[in-house]
Amino acid sequence: MAEEEKSLNFIEHIIEDDLKEGFDKEKLRFRFPPEPNGYLHIGHASSICLNFGLGEKYDAPVNLRFDDTNPAKEEQEYVDAIKRDVEWLGYKWSEVRYASDYFQQLFDWAVEFIKNGKAYVDSQTSEEIAAQKGTPTTPGTDSPYRNRSVEENLDLFQRMKNGEFESGTHVLRAKIDMSSSNMLMRDPIMYRILHKAHHRTNTDWCIYPMYDWTHGESDYIEQVSHSFCTLEFAMHRELYNWFLEQVSNPNQVQPKQREFARRNLSHTIVSKRKLLRLVEEGIVNGWDDPRMPTISGLRRRGYTPESIKNFVKTIGIAKRENLIDVSLLEFHAREDLNKKAPRIMAVLDPLKVVITNYPENTDEYVDSENNPEDEVLTYRKVPFSREIYIEKEDFREEANRKFFRLKLGGEVRLKNAYIIKAEKAIKDEDGNIIEVHCTYDPLSKSGSGTEESKRKVKGTLHWVSIKDAKEVEVREYDRLFTEAEPDRHEGKDFLEFVNPDSLRVIKGYVEPSVEEAKIGDHFQFQRIGYFNVDPDSTNEKLVFNKTVGLRDSWAKIDKS
RNA sequence: UGGCCUAUGGUGUAAUUGGCAACACAGCUGGUUUUGGUCCAGUCGUUCUAGGUUCGAGUCCUAGUAGGCCAACCA
């Protein structure tokens, strides 16, 4: 297999440079570090593909590490969902780790900090500490507790751990520099008291380490060589390195943090906090609602792992601001599904057609290709009959030459079946067309080899035999937000831009072969789009999600 | 009145590290087609600005400009 990819992203350049400078390839090690406080979304897919992709490229281990230092927000449900999503994308982690695995080690190191005068217990309120922190343009001031004795600090810290104090009464702070231009270096908090059960350590601890104190040390413990995170952590790097210097042994790998820009997708949001609001406020039906940009939502919508991975590969990784149009994601869904999804016929907005010269009671089946993209074509039998449904929009009483579909006096081919001619439109008392009478050419049957079957007619329509069709529920989705960047309108809440018409539930009529469909199966409804079977389906009624429509160049012509 | 980061077609990302600006998507023109799908061909650029170094600058230097991030006992 010849791989042509030669251009590297800036992260790969960093690794290549390190290798060139003598870093041992065998020591390359990565990690994907989600906080289990929500479901993974399309933005995380970039990080997952980056880290696990690097693991595959360099044959290096990649840990799945849960950053579980805040029991107030984290839950086992999220741990399970995250594992499921990473596996579904097709990646294998070396080990599952938890930051909470390191609580004891972190505590022991913190005690060393105190003994070395690198940390102290501050007994002020969070407001007081915030006030002393200064601002980005003015330096902070020292806490009155900054110079407590080692003995007092040790005693206090131990009693914090023992649960002798109320939440919020004391914190352990690193003693660094209150006048640093980097606010994070102004004596950052290492521990806070939180009397809250943790999803893994239960009530073993009532002090919990903060992110900055935990993350880099976890990387170090796991001997992660390259630790990638998003741009907003760039300022944390100085602190990451400072903490590392205090504990690290020079013979060990010194993890290197580097930052990349988060990917922003148009017409949606990629923020767990905001996604949680959509779920909690009932705007969507859960984290896996097919309108959600979560991995589980996309899966339910009908996206394949390959389509997501190809999308991520295409958008790449860099450091600049970006807004990726959601249509690119849709392109990758079509690209993958075009190869994989079997074609079937379904009518979603039915108009009855009666073929007046077709015999009343016959059982005729026509051969239909399952997928014209397959190298070896396979076929199935589809029942044809005197009364069929076509799409309402495929018939007009009158139309110009650009309209390739059925019009009075005009001919079209019924896909895989016969050429028909529209003779008469039947209307109700309000003038709505409720039925079209046609005649067919019995010699024009597809594949029969006759002269008539080879005739070229401009339009080809999909159809279903009314007596054989299966009624199904079809859920059509539109973008969840009406604005490209719903969370970037100053002074406005992103929920103001929720698209009220993002879900449309309709009835559809599908050829009988769908009876064998299983949950998750993908199909192309010919001339319409890609659909998959939703888990809400029952034995009585199948439910389909519209993943994405086919490209529709007619829609553009018709509009002009 | 600070610090850190970024700037390449409509969008996203490249450019063998100083050597003809490329790829994908979108758009537009055509062609093929029993899916107005797929596929194929063509088309679409003052590399943020101004100076400078150089035979040669997207790449290096200087000065601007624009945008993002930084003051949670969140991650």
Asks: Could you tell me which nucleotide pairs with B:G2 by Watson-Crick or G-U wobble geometry, both distances under 3.5 Å, or answer none if nothing does?
Replies: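 Base-paired to B:C70.
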Asks: Is the base of B:U38 touched by the side chain of A:Arg343 through a donor-acceptor pair closer than 3.5 angstrom?
Replies: no
Asks: For B:G30 versus B:G36, give the span between their C1' atoms, rounded off to a whole number of Å.
Replies: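 The same atom, C1', in both gives a distance of 15 Å.
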Asks: Does any donor atom in the side chain of A:Tyr530 or A:Gln524 lie under 3.5 Å from an acceptor atom in the other side chain?
Replies: yes
Asks: Choose from B:C25, B:U35, B:C73 the nucleotide whose nearest atom is closest to any side-chain atom of A:Leu550.
Replies: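 Of the candidates, B:U35 comes closest.
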Asks: Looking only at side chains, do A:Tyr120 and A:Asp187 share a donor and an acceptor under 3.5 Å apart?
Replies: yes
Asks: Need one value for A:Phe525: base, sugar-phosphate or nothing, where a base atom within 4.0 Å counts as base even if backbone is also close, heavy atoms only.
Replies: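 It contacts nothing in the nucleic acid.
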Asks: Assign each of A:Leu414 and A:Lys272 to its nearest nucleotide of RNA chain B by heavy atoms, then name whichever residue's nucleotide is nearer the 5' end.
Replies: A:Leu414
Asks: If you measure from the C1' atom in B:C48 to the same atom in B:U35, how many Å do you get, rounded?
Replies: 46 Å
Asks: Under 4.0 Å between any heavy atoms, over every strand shown, what does A:His13 touch: base, sugar-phosphate, or nothing? Just pick one.
Replies: base
Asks: Can a side-chain donor-acceptor contact be found between A:Ser143 and A:Gln124 if the only test is distance below 3.5 angstrom?
Replies: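 Side chains of A:Gln124 and A:Ser143: pair found under 3.5 Å.
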Asks: Mind checking the P distance from B:A14 to B:U8? Whole angstroms is fine.
Replies: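 11 Å, rounded to whole Å.
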Asks: When you check the side-chain N and O atoms of A:His215 and A:Asp67, is any donor under 3.5 Å from an acceptor?
Replies: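 There is such a pair (donor and acceptor under 3.5 Å, judged by atom type) between the side chains of A:His215 and A:Asp67.
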Asks: Base, sugar-phosphate alone, or nothing: which one does A:Gln524 contact when heavy atoms must sit under 4.0 Å apart?
Replies: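 Answer is base: heavy atoms of A:Gln524 come under 4.0 Å of a base.
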Asks: Could you tell me which nucleotide pairs with B:A41 by Watson-Crick or G-U wobble geometry, both distances under 3.5 Å, or answer none if nothing does?
Replies: B:U29
Asks: Report yes or no: is there a donor-acceptor pair, N or O only, under 3.5 Å between the side chain of A:Arg551 and the base of B:G36?
Replies: no
Asks: Taking only side-chain nitrogens and oxygens of A:Lys456, does any of them come within less than 4.0 Å of OP1 or OP2 of B:U34?
Replies: yes
Asks: Is the closest side-chain donor-acceptor distance between A:Ser180 and A:Asn182 under 3.5 Å?
Replies: no
Asks: Within the 4.0 Å heavy-atom criterion, would you say A:Gly447 contacts the bases, only the backbone, or no part of the nucleic acid?
Replies: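 The answer is base, as A:Gly447 lies within the cut-off (heavy atoms under 4.0 Å) of a base atom.
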Asks: Check whether any side-chain N or O of A:Arg320 sits under 4.0 Å from OP1 or OP2 of B:U13, and answer yes or no.
Replies: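 The answer is yes; a side-chain N or O of A:Arg320 sits under 4.0 Å from OP1 or OP2.
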Asks: How is A:His236 classified with respect to the nucleic acid when contacts are heavy atoms under 4.0 Å: base, sugar-phosphate, or nothing?
Replies: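 Touches a base.
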Asks: Please state whether the base of B:G3 and the side chain of A:Glu238 form at least one donor-acceptor pair under 3.5 Å?
Replies: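 Donor-acceptor pair under 3.5 Å: no.
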Asks: Identify which nucleotide among B:U35, B:U38, B:A71 has an atom closest to any side-chain atom of A:Lys133, counting heavy atoms from C-beta outward.
Replies: B:A71
Asks: Counting only Watson-Crick pairs (N1-N3 plus N6-O4 or O6-N4) and G-U wobbles (N1-O2, O6-N3), all under 3.5 Å, who is the partner of B:A63?
Replies: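 Partner of B:A63: B:U49.
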Asks: Classify A:Lys339 by what it touches in the nucleic acid, base, sugar-phosphate, or nothing, heavy-atom distance under 4.0 Å.
Replies: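 Since no nucleic acid heavy atom lies under 4.0 Å of A:Lys339, the category is nothing.
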Asks: If you draw the axis of the six-membered ring of A:Trp463, does the NZ or CZ of A:Lys415 fall within 45° of it and under 6.0 Å from the ring centre?
Replies: no
Asks: Expressed in angstrom and rounded to an integer, what is the separation of A:Glu12 atom CD from B:U17 atom C1'?
Replies: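 The answer, rounded to whole Å, is 16 Å.
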Asks: Given atom CZ of A:Arg263 and atom C1' of B:G12, what is their separation to the nearest angstrom?
Replies: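 Between C1' of B:G12 and CZ of A:Arg263: 7 Å.
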Asks: If you pin A:Ser123 and A:Asn322 to their nearest nucleotides in RNA chain B, which one's is more 5'?
Replies: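 Result: A:Asn322.
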Asks: Answer yes or no: does a side-chain N or O of A:Lys319 lie under 4.0 Å from OP1 or OP2 of B:U6?
Replies: yes
Asks: Contacts to RNA chain B from residues 136-143 of chain A, heavy-atom cutoff under 4.0 Å, which residues?
Replies: A:Pro136, A:Thr137
Asks: Once you apply a heavy-atom cut-off of 4.0 Å, does A:Phe404 come out as touching a base, just sugar-phosphate, or nothing?
Replies: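 Answer is base: heavy atoms of A:Phe404 come under 4.0 Å of a base.
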Asks: Looking only at atom P, what distance separates B:A57 and B:G51, rounded to whole Å?
Replies: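 B:A57 and B:G51 have their P atoms separated by 14 Å.
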Asks: So what does A:Leu194 hit on the nucleic acid, given a heavy-atom distance under 4.0 Å: a base, only sugar-phosphate, or nothing?
Replies: nothing
Asks: Checking all strands, does A:Tyr191 fall into the base, sugar-phosphate, or nothing category for heavy-atom contacts under 4.0 angstrom?
Replies: nothing
Asks: Given 3.5 Å as the limit, does a donor-acceptor pair link the side chain of A:Asn322 with the main chain of A:Arg262, or not?
Replies: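 Answer holds: yes.
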Asks: So what does A:Asn9 touch, heavy atoms closer than 4.0 Å: a base, only the sugar-phosphate, or nothing?
Replies: sugar-phosphate
Asks: Hey, does the side chain of A:Arg146 reach the backbone of A:Asp122 with a donor-acceptor pair shorter than 3.5 angstrom?
Replies: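 Not confirmed, A:Arg146 side chain does not pair with A:Asp122 backbone.
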Asks: Mind checking if A:Glu321 touches a base, just sugar-phosphate, or nothing, with heavy atoms under 4.0 Å?
Replies: sugar-phosphate
Asks: Using the P atom on both, measure B:G27 against B:C70 and round to a whole Å.
Replies: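 Approximately 36 Å lies between the P atom of B:G27 and that of B:C70.
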Asks: Considering just the side-chain nitrogens and oxygens of A:Arg405, establish if one lies under 4.0 Å of OP1 or OP2 belonging to B:G36.
Replies: no
Asks: May I ask you to verify whether the side chain of A:Arg413 and the base of B:U34 hold a donor-acceptor pair under 3.5 Å?
Replies: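 Checked by distance alone, the answer is yes.
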Asks: Below the 4.0 Å mark, does B:G27 have OP1 or OP2 next to a side-chain nitrogen or oxygen of A:Lys556?
Replies: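 Affirmative; the distance criterion is met.
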Asks: Assign A:Pro34 to base, sugar-phosphate, or nothing according to its heavy-atom contacts below 4.0 angstrom with the strands shown.
Replies: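 Answer is nothing: A:Pro34 stays at 4.0 Å or more from every strand.
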Asks: I want to check one thing: is the phosphate of B:A75, taken as OP1 and OP2, less than 4.0 Å away from some side-chain N or O of A:Thr69?
Replies: yes
Asks: In whole angstrom, give me the gap between the C1' atoms of B:A41 and B:G56.
Replies: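 Comparing C1' positions in B:A41 and B:G56 gives a spacing of 35 Å.
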Asks: Think A:Ser553 has a side-chain N or O under 4.0 angstrom from the OP1 or OP2 of B:G37?
Replies: yes
Asks: With both distances under 3.5 Å as the test, what is the Watson-Crick or G-U wobble partner of B:G18?
Replies: none
Asks: Could you work out the separation of B:A24 and B:A63 based on their P atoms and round it to a whole Å?
Replies: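 Between the two P atoms, the distance is 40 Å.
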Asks: Answer yes or no on whether A:Lys319 is positioned over the face of A:Phe260, meaning its NZ or CZ is under 6.0 Å from the six-membered ring centre and within 45° of the axis.
Replies: no
Asks: Does a side-chain N or O from A:Arg488 land closer than 4.0 Å to OP1 or OP2 of B:G68, or not?
Replies: yes
Asks: State whether A:Glu511 and A:Arg380 are salt-bridged, where the test is any N-O pair (Lys NZ or Arg NE/NH1/NH2 against Asp/Glu carboxylate O) under 4.0 Å.
Replies: yes
Asks: Quick one: do the A:Asn153 and A:Tyr145 side chains pair a donor with an acceptor below 3.5 Å?
Replies: no
Asks: State the syn/anti category of B:U17 according to its glycosidic angle, syn meaning within 90° of 0.
Replies: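 Syn for B:U17; the angle stays within 90° of 0.
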Asks: Counting any heavy atom closer than 4.0 Å, what does A:Ile317 reach on the DNA or RNA strands: base, sugar-phosphate only, or nothing?
Replies: sugar-phosphate
Asks: Could you please name the option among B:U34, B:G2, B:C74 that lies closest to any side-chain atom of A:Asn70?
Replies: B:C74
Asks: So what does A:Gln124 hit on the nucleic acid, given a heavy-atom distance under 4.0 Å: a base, only sugar-phosphate, or nothing?
Replies: base
